[in-house]
Amino acid sequence: MKQRSISFGERIKNAVGIEGDTRTVIKPMLQYTATNIATGGASYFFGLYYIPFLVYVEHLTTTQVGIIILIKSLWDAITDPVMGVITDRTRSRFGKHRFWVMAAVLPFVTTFFMTWYSFGLSDGASGNTVMWYYIIAYMLYSTASTVLQVPHTAMLPEMAPDYFLRTQYNSVGYLMNSVGMVPSFLLAAIVLNFVRPQVMSVGGFIKSLIGCFTNTLDAETVPKEKYMLVGLVLAVAYVIPLAITAFGCRERSSAHEHFAPFDRNYAFREYRLVFKNKAFRQYFAISVLYMFALGFYNNAKIFMLSELTDTYFLYGLINIIAGIFEAGAFPLNYAITKRFGKQKCSWITTPFYIASLAIILFLTTPQTPGAKTLTTVLVLLHTVMYNFGLSGIGFTTSNTYPDITDVDEMITGRRREGVIATFSTFIKKVSSGFLGMIVLTGLEWFGVNPSRGSKTALVGTIGEGHHAYELFGSVFSQNFGIKLFSAAVPIACVVGCLVCLRRFTMTKQQHTMIRAAIATRRKYGAVALTDAEKAVCEQIAGQKWETMWIGQPEPDAEAVAPAMTDGKYDLLEEEKARLAKERERAVKGAGNK
């Protein structure tokens with residue numbers, strides 16, 4: 001018998017490990033995760049260049065940069081929770097979450113550009129005036145990002161209701177992040193390092209191109225206009241993936257939904273109720289510690305390279321290696337997750353992350369050519385191990401979030417994706433902002449504060465006569481501060497993250513049982529579970545069975561159909577049919593459009 005030839009698309013699916021029909025699963029998944037190209041690329045660009053841009057190009061002090069990041073984070077602390085409530089209560093024929101994704105496209109790209117160009121203000125204005133411009137621009141961008149990312153994250157549980165389908169969505173989301181990161185980095189590297197006189201010869205062009213990966217930033221040679229150009233081009237490019245999600249995805253209409261009456265205490269009650277969910281509290285602790293580890297390292301990394309190891313000339317190459325090894329670890333993490341569950345990949349890769357940070361503790365500023373070669377090798381080794389090790393715990397964190405919404409529904413009887421999603425974005429943005437202020441101000445206290453035109457001028461407050469200097473002598477130096485924030489504190493945070501992760505034990509079978517019980521409760525008004533099954537629900541939710549919505553039968557409940565059949569949990573046929581019908585309708589709607 002002649003074997004059916006395998007298409008190129010199917011080969012890619014098999015290689016990556018993605019399952020599902022192209023029309024009903026793969027296409028909606030690609031449309032939903034297209035937004036990750038813009039958000040991943042933008043956040044990566046910010047992470048690489050924003051602190052160097054403000055310090056070395058706009059000549060703000062590290063404390064002023066810390067203030068910018070802090071105020072932006074305080075603003076996030078207000079807007080993120082508000083947006084979570086708004087998106088959950090939105091009535092729209094486009095869906096309560098997708099409506100806001102559509103509305104955020106133009107504000108997101110416009111404000112992104114504003115954060116990289118001051119429209120000539122910084123040419124003659126004082127440092128504080130420039131600082132306030134970037135505070136306002138960053139707050140506007142943060143608001144647009146909130147309007148986009150909170151609803152987009154909230155859409156995931158509805159777009160992917162199944163346990164491992166969510167893992168596929170998150171896995172493809174990781175790939176889309178890389179799709180956005182790589183072009184953003186390459187474009188920035190080329191534009192920021194391009195030397196105009198060399199364009200006239202082929203050799204000069206090749207030399208400039210190679211230089212993109214060996215010296216990505218020089219305060220003396222990179223004018224502000226180059227950052228303006230990169231910001232403009234990226235802003236225009238990000239419109240395309242955002243539009244694919246906004247106008248390609250389909251979400252069921254919320255135009256006729258009914259919501260509880262709103263009052264001034266509504267938001268407070270909603271978020272207080274979230275913390276009654278034990279699974280959420282565990283997820284919250286894991287996410288906070290994970291973001292703390294990232295925040296301390298990311299804010300100190302630029303100074304670790306430029307001030308501690310004198311390897312900033314490798315910045316472009318380091319970021320290429322980082323992207324390769326973080327993205328390259330995806331197939332391994334995905335395979336481990338499918339076989340052993342969502343926590344296992346963290347235990348396998350995180351030791352590499354800890355070891356990479358430990359390398360920094362032993363680094364010193366090289367004084368000889370041999371020492372510089374050794375330091376360069378150690379920095380590159382650190383980069384490889386760091387990004388490979390980082391991938392596992394990040395994969396676990398993003399894959400755990402959607403399951404929390406099902407536990408919340410078991411407790412409250414409501415779908416509150418927006419409220420839960422708020423914390424997914426809130427944790428990332430607020431923690432990074434507060435940590436930025438702590439790290440940048442702390443580094444200045446330890447003596448790291450590049451002044452105008454110099455990357456090595458030390459103007460820290462610790463010196464002879466200072467009480468800390470008298471007690472500890474030269475221990476409290478700039479190198480001590482850099483190692484503290486880029487290595488020691490992140491190690492402590494990630495160890496705490498693993499401790500919390502060990503307590504989070506919800507399995508695929510337990511999650512499927514919870515979803516089946518919810519479906520049964522909605523159909524029949526009550527659900528019958530064994531004492532052991534009830535104990536599992538109580539252990540995951542952290543509440544007594546009879547106090548949760550799932551354990552409170554309606555007064556006129558019909559005969560109960562058990563959620564367990566032949567020892568295997570499964571959704572009711574009605575629930576399966578409803579989900580399949582929604583997916584089919586979404587695909588037809590996209591095709592008609």
Indicate yes or no for a side-chain donor-acceptor contact from [X] to the backbone of [Y] under 3.5 Å, with no hydrogens or angles considered.
{"X": "Asp408", "Y": "Ile404", "value": "no"}
{"X": "Lys72", "Y": "Tyr134", "value": "no"}
{"X": "Ser254", "Y": "Ser92", "value": "yes"}
{"X": "Ser145", "Y": "Tyr141", "value": "no"}
{"X": "Arg89", "Y": "Val85", "value": "no"}
{"X": "Ser287", "Y": "Phe284", "value": "no"}
{"X": "Ser142", "Y": "Asp76", "value": "no"}
{"X": "Ser253", "Y": "Phe94", "value": "no"}
{"X": "Glu251", "Y": "Arg98", "value": "yes"}
{"X": "Ser391", "Y": "Phe388", "value": "yes"}

Geometric class of the [Y]/[X] ring pair [parallel <30°, tilted 30-60°, perpendicular >60°]:
{"X": "Phe46", "Y": "Tyr50", "answer": "perpendicular"}
{"X": "Tyr227", "Y": "Tyr49", "answer": "perpendicular"}
{"X": "Phe113", "Y": "Phe119", "answer": "perpendicular"}
{"X": "Tyr238", "Y": "Phe112", "answer": "perpendicular"}

Smallest separation among heavy atoms of [X] and [Y], with atom names:
{"X": "Ala144", "Y": "Thr111", "result": "CB-OG1, 3.7 Å"}
{"X": "Pro490", "Y": "Leu484", "result": "CD-O, 4.1 Å"}
{"X": "Gly180", "Y": "Ser184", "result": "O-OG, 2.7 Å"}
{"X": "Phe53", "Y": "Thr115", "result": "CE2-O, 4.0 Å"}
{"X": "Val130", "Y": "Glu58", "result": "CG1-OE1, 4.3 Å"}
{"X": "Arg91", "Y": "Ala255", "result": "CD-O, 3.6 Å"}

Within-4.5 Å side-chain heavy-atom neighbours: [X] and [Y]:
{"X": "Asn387", "Y": "Ile321", "result": "no"}
{"X": "Pro151", "Y": "Met83", "result": "yes"}
{"X": "Val236", "Y": "Val109", "result": "no"}
{"X": "Ile318", "Y": "Leu380", "result": "yes"}
{"X": "Ile393", "Y": "Cys497", "result": "yes"}
{"X": "Leu273", "Y": "Arg416", "result": "yes"}
{"X": "Leu289", "Y": "Val494", "result": "no"}
{"X": "Leu234", "Y": "Trp116", "result": "no"}

Atom pair [atom1] ([X]) and [atom2] ([Y]), whose distance is rounded to the nearest 0.5 Å:
{"X": "Lys96", "Y": "Asp88", "atom1": "NZ", "atom2": "CG", "result": "5.0 Å"}
{"X": "Thr33", "Y": "Met176", "atom1": "OG1", "atom2": "CE", "result": "4.0 Å"}
{"X": "Phe485", "Y": "Phe480", "atom1": "CZ", "atom2": "CZ", "result": "8.5 Å"}
{"X": "Met304", "Y": "Thr311", "atom1": "CE", "atom2": "OG1", "result": "6.5 Å"}
{"X": "Met131", "Y": "Ile71", "atom1": "CE", "atom2": "CD1", "result": "6.5 Å"}
{"X": "Ile86", "Y": "Phe99", "atom1": "CD1", "atom2": "CZ", "result": "10.5 Å"}

Worked verdict on Ile69 versus Asn299 for side chain to side chain contact (heavy atoms under 4.5 Å, CB included): CA-CA 11 Å; Ile69 298 174; Asn299 284 291; 4.3 Å; yes
Output field: ring centroids His152/Phe108 closer than 6.0 Å: no
Aromatic contact, Phe275 with Phe280 (centres under 6.0 Å): yes
Side chain to side chain contact (heavy atoms under 4.5 Å, CB included) between Thr79 and Val150, worked out: CA-CA 10 Å; Thr79 58; Val150 169; over 6 Å; no
Option from Leu308, Asp310, Leu363 for which side chain to side chain contact (heavy atoms under 4.5 Å, CB included) with Val379 holds: Leu363
Stepwise side chain to side chain contact (heavy atoms under 4.5 Å, CB included) check, Leu30 with Val172: CA-CA 8 Å; Leu30 294 177; Val172 174; 4.0 Å; yes
Thr153 and Gln149: CA distance, side-chain angles, deciding distance, side chain to side chain donor-acceptor pair (under 3.5 Å) verdict: CA-CA 6 Å; Thr153 305; Gln149 292 190 57; 5.8 Å; no
Residue pair Tyr133, Met114: steps toward the side chain to side chain contact (heavy atoms under 4.5 Å, CB included) verdict: CA-CA 10 Å; Tyr133 168 80; Met114 290 177 60; 4.0 Å; yes
Side-chain donor-acceptor contact under 3.5 Å, Thr146 with Asp80: yes
Heavy atoms of other groups near Arg93 CZ, more than 12 under 6.0 Å: no
